[in-house]
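Just so it is clear, the model here is predicted, and its values are computed rather than measured.
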Amino acid sequence: MSTQVKRKKKRSKFLGTMINPTHFHRSQIKFLLIVLPFAILMLLPMIFIVSHAFKPFSELYAYPPKFFVRRPTLDSFRMLFRITSQAGVPLVRYLFNSLIQAVGVIFFTLFFGSLAAYSFSFLSYRGKKILFGANQIAIMFVAVAVAVPRYIVMNKLGLINNYFSLIIPLIAMPVGVFLLKQFMDQIPLELIDAAKIDGANNFQIYLRVVVPLVKPALATVAILSFQAAWNNTEASSLFVDDESLKTLAYYFSTMSLGSSALANQGISAAASLMMFLPNIVFFILVQNQVMNTMAYSGMK
């Protein structure tokens, strides 16, 4: 084996260790010394959210304020469930609606977004550049800027006040289409040509060749779409009138907490933790794929 080949293998092994390490290597120490302080700073808000939700009333407004809880209790959660039990719709129903919305948004966003990205990367048709430019321009618009035309379209289609009202407004994700296209652009055209020679049509190439190769990007888009759906309140407030179809995020943002400011602080902390945990759990489950996306998205 030549010296050049050995060097290439050694370099490839080193890059693999840095990008997606499977075990500790002493060469990682210098990176850990740089990253760990920033990681601790980023973890502090998460730790505070958890700690604050379990504080008893005596610690919620303690002066000077305490970062960590000293006597953890479930009083805030008990009060939260007591308030929700007095409402006409049980908390489980709001949770179920949020899950339906999140699952539907993730599925349709990945499906339609990956199909659009595939067409931008591998198909030739008139107006492709204009459509991709429109996708890039759409990134600049926030949801509230298009709330009125979006409501008009949903109303004309008869999609008000049902589960489609929670899902369809959140399907379009221009950032996801852009990310998937950038990832698909790295796939060698020889693979596509070989599949065509074997008799595969465009949908078979998309499903059997392209999708398995862009799983890291799909995982990243899934996280973005889940966060957008799970924390969304606009769909419930604009397109849904039936209280039994509204989501958990909307309910927490509008529920009446009574007149006690002390109780409000604890209940708000408990509700914030309930909204925060699914986001972090979902991210942890797919974070390995996200790291691969960040590592390879700029490489040809």
**Asked** Heavy-atom count around F67 CZ within 6.0 Å, excluding the residue itself: above 12?
**Response** yes
**Exceeds 12 heavy-atom contacts within 6.0 angstrom, atom CZ of F164** = no
**Prompt:** F178: what forms a ring pair (Phe, Tyr, Trp, His ring centres under 6.0 Å) with it, not counting sequence neighbours?
**Reply:** none
**Fill in**
Applying ring pair (Phe, Tyr, Trp, His ring centres under 6.0 Å) to F141 and not counting sequence neighbours gives none
**Request:** Give every residue pair that meets the ring-ring contact (aromatic ring centres under 6.0 Å, His included) criterion with at least one member in residues 214-234, sequence neighbours excluded.
**Result:** F226-W230, F226-F282
Show the atom names and distances, to 0.1 Å, of all donor-acceptor pairs under 3.5 Å that link a side chain in residues 89-106 to residues at least two apart or in another chain.
{"from": "R93", "atom 1": "NE", "to": "S244", "atom 2": "O", "distance (Å)": "2.9"}
{"from": "R93", "atom 1": "NH2", "to": "Y163", "atom 2": "OH", "distance (Å)": "3.2"}
{"from": "Y94", "atom 1": "OH", "to": "E243", "atom 2": "OE2", "distance (Å)": "2.7"}
{"from": "N97", "atom 1": "OD1", "to": "Y163", "atom 2": "OH", "distance (Å)": "2.9"}
{"from": "N97", "atom 1": "ND2", "to": "R93", "atom 2": "O", "distance (Å)": "3.3"}
{"from": "N97", "atom 1": "ND2", "to": "S244", "atom 2": "O", "distance (Å)": "2.7"}
{"from": "N97", "atom 1": "ND2", "to": "K246", "atom 2": "O", "distance (Å)": "2.8"}
{"from": "S98", "atom 1": "OG", "to": "Y94", "atom 2": "O", "distance (Å)": "3.2"}
{"from": "S98", "atom 1": "OG", "to": "L248", "atom 2": "N", "distance (Å)": "2.8"}
{"from": "Q101", "atom 1": "NE2", "to": "L166", "atom 2": "O", "distance (Å)": "2.9"}

[Y] side chain reached by [X] side chain, heavy atoms, under 4.5 Å:
X: M274; Y: L80; value: yes
X: M46; Y: F276; value: yes
X: T233; Y: F252; value: no
X: F183; Y: L213; value: no
X: P174; Y: Q136; value: no
X: R150; Y: F239; value: yes

Which pairs of donor and acceptor atoms, one on a side chain in residues 196-210, lie under 3.5 Å apart (sequence neighbours left out)?
{"from": "N201", "atom 1": "OD1", "to": "F203", "atom 2": "N", "distance (Å)": "3.2"}
{"from": "N201", "atom 1": "OD1", "to": "Q204", "atom 2": "N", "distance (Å)": "2.8"}
{"from": "N202", "atom 1": "OD1", "to": "Y118", "atom 2": "OH", "distance (Å)": "3.3"}
{"from": "Q204", "atom 1": "OE1", "to": "N201", "atom 2": "N", "distance (Å)": "3.0"}
{"from": "Y206", "atom 1": "OH", "to": "S114", "atom 2": "OG", "distance (Å)": "2.6"}

**Prompt:** Any chain of hydrophobic side-chain contacts (each under 4.5 Å) joining F54 to L44?
**Reply:** yes
Would you list the pairs meeting salt bridge (Lys or Arg N to Asp or Glu O under 4.0 Å) in which at least one residue belongs to [range], sequence neighbours left out?
range: residues 171-184; value: K181-D185
range: residues 52-71; value: E59-R71
range: residues 94-117; value: none
range: residues 78-88; value: D75-R78

[X] side chain vs [Y] backbone, donor-acceptor pair below 3.5 Å:
X: S165; Y: N161; answer: yes
X: S121; Y: Q182; answer: no
X: N231; Y: Q227; answer: yes
X: N279; Y: M275; answer: yes
X: T109; Y: I171; answer: yes

Least distance between heavy atoms, [X] atom then [Y] atom:
X: A269; Y: A53; value: O-CB, 3.6 Å
X: L110; Y: A222; value: CD2-N, 3.9 Å
X: L32; Y: P37; value: O-CD, 4.3 Å
X: K128; Y: L123; value: NZ-O, 2.8 Å
X: L180; Y: A117; value: CB-CB, 3.6 Å

**Asked** Going by side-chain heavy atoms closer than 4.5 Å, which hydrophobic residues are tied to I152, directly or by a chain of links?
**Response** V148
**Prompt:** By the rule that ILVMFWY residues connect when side-chain heavy atoms come within less than 4.5 angstrom, directly or transitively, which residues belong alongside V142?
**Reply:** V144
**Test side-chain hydrogen bond (donor to acceptor under 3.5 Å, both in side chains) applied to T247 - qualifying residues, sequence neighbours left out** = S236
**Prompt:** Rounded to the nearest 0.5 Å, how far apart are CG of L277 and CD1 of I49?
**Reply:** 9.0 Å
**Request:** Show your working on side-chain contact (heavy atoms from CB on, under 4.5 Å) between F120 and L131 and close with a plain yes or no.
**Result:** CA-CA 9 Å; F120 289 141; L131 290 175; 3.9 Å; yes
**Prompt:** Strictly by modelled atom types, are S237 and Y250 linked by a side-chain donor-acceptor pair under 3.5 Å?
**Reply:** no
